[in-house]
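Since this is a predicted model, take the numbers as computed values, not measurements.
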Amino acid sequence: MVVSVTTGPERASSPFQKETPLANFEDILSLVGGWCRYQKTVLIFFFVTCLFLAYASYTPVLFLYTPDHFCSVDQIWDSAGSKELSWDKEDLTNLLIPIDQSTGKRSQCQIYDIPTEKVGDLILFGKQNESHFGTIPCPHGWYYNTTGLFSSVITDMDWVCDDAWRGPFSQSIFSVGALFGTLILGYVADTFGRLSAWYAANLLLMVTGLVTPFMTEFIGFSTLRFLQGMSYDSFFSIFYVLAMECVSCDKRALIGNLALAVGMTVAGCYEPWVLYYLQDWKILNLILYAQVTVLMISPWFVFESIRWLASQGRIDEAYETLLKIVKVNGREIKPGLESQIKRVLANDEKTNIQKDGEEKEQPAFLDLVKTPNLRKNFIIMALVFMLTYGLFDANVRIIGNLDQSIYITFTISSFLELPADLLAIWGLDAIGRRWSAFISMFLSGIAMGVGALLTDYPLVVTIITMVGRFFITYALNTAMSILMEIVPTVVRGQGVAVARLMSCLSIFCSPYIVFTGTFHKSIPYIIIGVLNVLTAFLAILLPETAHEDLPDTLEDGRNFGKGQDFWHMPCLKKKN
């Protein structure tokens, strides 16, 4: 997923500008190096963090995978003395398992209620009379066709038929945990520091990931999914903020986009094939989340955010951290600049103090909805982000419904992250955010709508699903850019937090959208397609943010987008 943030004019990073008076933090960053060894080290750790994001996002598609299954006949086979007769277990299975008329395959949840003593007679004299007996739910468990597949949570805990809701529920409770985690860890990040919150989130991710395979009952498993959900997104978004706060403005898009594109693609492409060789989701889970321990070395390489330290009034600590970065980058700061740097750090962050020393009234979230234009932009932006995030999640999970190899479909779906991300880097600036959102969401909706009509053709519907996956990935990149750019700077943190909380609600619903495929394969495609098209038309109502001066104050937000032409597109504007 690509995040493209429009930034201000590029500042020089030449070391020969040390004598230039320092006006703000960007000047300090140019002085100490805004894209040197330290920032590239942060990029490496960000790439690792994106691997973990893929583990938390994609792996549930694998360990909650439901293979083909039907009622087990083993106990009936043993009770009927079938081993001494001239027929085999396949004959018994064909006798006892009815055919589901809607699919033409064996029923997954029903078995004929034939008394054990009559089973032999039916086999010997013809099985045409078994339909005279009623059917009952599977009394002795299930047989899972895992040929070429792997054990999953579903097969280990028999979450099928009447208990099939438990798989989607465990994923929905994960999103509820993400909602609480966003609030709690967001508070920790603002109060105790970016690194403290990042360490806490990763520790929670690692512990829950390592303990989950040993949980064998529903309540305990769901509790662990909730706790892991609390770490989800926070361990990524907190480090994303920290990384953006330490690089020069002309490299901010690069450090975020590159780590996400490569990290998510690499993790998503190799996970299924590791599982292919292991054949056990528990071992895969242990291998993936044991990797989080590599972050134990991060305190020697990644430092606390200087901006955050300064915002807390800890100017001396901010300066000491700055000196650490200077040392890593091989730069020098003349002793005479120390007082000037500290003065900039103090003034640059204490924006809530007026010159006469009186405290100003801080802008609040409610200011976003007090005026018509700002209210319209914020509400539409939040809805677009919420729907796009949920639809992306549903599109990732729907590959579990496809009648193709889970290994191949999972790999292709993950690989599509890379070209979609790379195309978005160009498209968001050339076509613009607004039209990018409309075109990608609309095309994704059309693809899923066509898929709903062709569910009888497995290969075709798989290809169409991948087309939808490509466009929804592009759309999510666009939505994340709009989210960061359309809210005024003075309330950006609060506005983004509210939109992310709303996205947790949409992720809560996405597993159930996919689950409707158990009733008919076309239903989830219809739901996703309709919501995609609806979101596309919502997005077109937003103002364009590409190559525009972004709103900093509430007044800027009240006027932002007014007077823009409906057909405004950056590439056409440049051409004109």
Side-chain angles (χ1 to χ4, degrees), residues 54-70 72 103 105-106 108-109 141-175 209 212-213 215-216 218 221-222 224-225 228 267-289 392-416 455 458 461-462 465-466 469 507 510-519 521 523-525 528:
Y55 298 162
S57 300
Y58 294 166
T59 308
V61 177
L62 296 173
F63 71 64
L64 292 175
Y65 181 71
T66 304
D68 188 25
H69 55 278
F70 52 83
S72 172
T103 63
K105 299 179 181 179
R106 289 170 175 167
Q108 295 183 325
C109 302
W142 288 263
Y143 168 79
Y144 297 97
N145 184 11
T146 56
T147 303
L149 292 172
F150 48 88
S151 67
S152 66
V153 176
I154 304 300
T155 62
D156 287 352
M157 300 190 188
D158 287 334
W159 287 355
V160 292
C161 298
D162 290 342
D163 288 332
W165 60 272
R166 295 190 174 191
F169 177 84
S170 70
Q171 191 55 30
S172 292
I173 203 69
F174 177 89
S175 63
T212 295
M215 193 58 61
T216 58
F218 173 66
F221 184 88
S222 298
L224 284 173
R225 292 298 293 156
Q228 188 174 85
C269 287
Y270 89 79
E271 282 181 63
W273 299 107
V274 173
L275 184 57
Y276 175 80
Y277 288 105
L278 295 174
Q279 298 289 299
D280 192 330
W281 75 274
K282 295 179 180 179
I283 302 177
L284 175 68
N285 222 64
L286 293 174
I287 291 174
L288 295 183
Y289 291 104
F392 172 84
D393 191 71
N395 200 292
V396 169
R397 301 188 188 288
I398 204 171
I399 64 174
N401 291 7
L402 299 175
D403 293 328
Q404 302 292 332
S405 167
I406 184 64
Y407 303 112
I408 295 175
T409 54
F410 192 97
T411 303
I412 295 174
S413 177
S414 300
F415 179 77
L416 289 173
T455 52
V461 79
T462 298
T465 300
M466 295 306 163
R469 166 75 156 95
I507 296 176
S510 65
Y512 293 106
I513 293 176
V514 177
F515 181 68
T516 60
T518 59
F519 303 107
K521 291 182 179 180
I523 297 177
Y525 285 90
I528 295 172

Exercise for the section: Using the test ring-ring contact (aromatic ring centres under 6.0 Å, His included), find all partners of Tyr525 that sit at least two apart in sequence or belong to another chain. Expected result: none

Handout entry: Residues in side-chain hydrogen bond (donor to acceptor under 3.5 Å, both in side chains) contact with Thr59, at least two apart in sequence or another chain
Key = Glu271

Handout entry: Pairs where residues 161-173 contributes a residue and the test side-chain hydrogen bond (donor to acceptor under 3.5 Å, both in side chains) is met, not counting sequence neighbours
Key = Gln171-Arg225

Practice task
Kindly write out the residues that satisfy salt bridge (Lys or Arg N to Asp or Glu O under 4.0 Å) with Asp403, not counting sequence neighbours, or none if the list is empty.
Solution key: Lys521

Problem - Results of side chain to side chain contact (heavy atoms under 4.5 Å, CB included) for Val153 - residues two or more places apart only - result: Phe63, Leu64, Met157, Trp159, Phe221, Trp281

Exercise for the section: Quick one: sort the Tyr65 and Phe150 rings into parallel, tilted or perpendicular, breaks at 30° and 60°. Expected result: tilted

Completion exercise
Contacts of Ser152 meeting side-chain hydrogen bond (donor to acceptor under 3.5 Å, both in side chains) (sequence neighbours excluded), chain-then-number -> none

Problem - Non-neighbouring partners of Thr411 that pass side-chain hydrogen bond (donor to acceptor under 3.5 Å, both in side chains), sequence neighbours left out - result: Trp273

Practice task
Answer yes or no: does atom CZ of Phe415 have more than 12 heavy-atom neighbours from other residues, nucleotides or ligands under 6.0 Å?
Solution key: no

Problem - Polar side-chain atom of Arg469 near backbone of Ser413 as donor-acceptor pair, under 3.5 Å - result: yes

Problem - All ring-ring contact (aromatic ring centres under 6.0 Å, His included) counterparts of Phe410, not counting sequence neighbours - result: none

Practice task
Only counting residues at least two apart or in another chain, list the ones meeting disulfide bond (SG atoms under 2.5 Å apart) with Cys269.
Solution key: none

Practice task
Quick one: list whatever passes side-chain hydrogen bond (donor to acceptor under 3.5 Å, both in side chains) with Tyr270, sequence neighbours left out.
Solution key: Tyr55, Gln291

Exercise for the section: Would you confirm whether Tyr407, through its side chain, and Gly148, through its main-chain N or O, come within 3.5 Å as a donor-acceptor pair? Expected result: yes

Problem - Partners meeting side chain to side chain contact (heavy atoms under 4.5 Å, CB included) with Leu278 (sequence neighbours left out) - result: Val274, Ile283, Leu284, Ile287

Practice task
Just jot down the ring-ring contact (aromatic ring centres under 6.0 Å, His included) partners of Tyr58, sequence neighbours excluded, or say none.
Solution key: none

Completion exercise
The reported gap from CD1 in Ile528 to CG in Asn395 (rounded to nearest 0.5 angstrom) is 6.0 Å

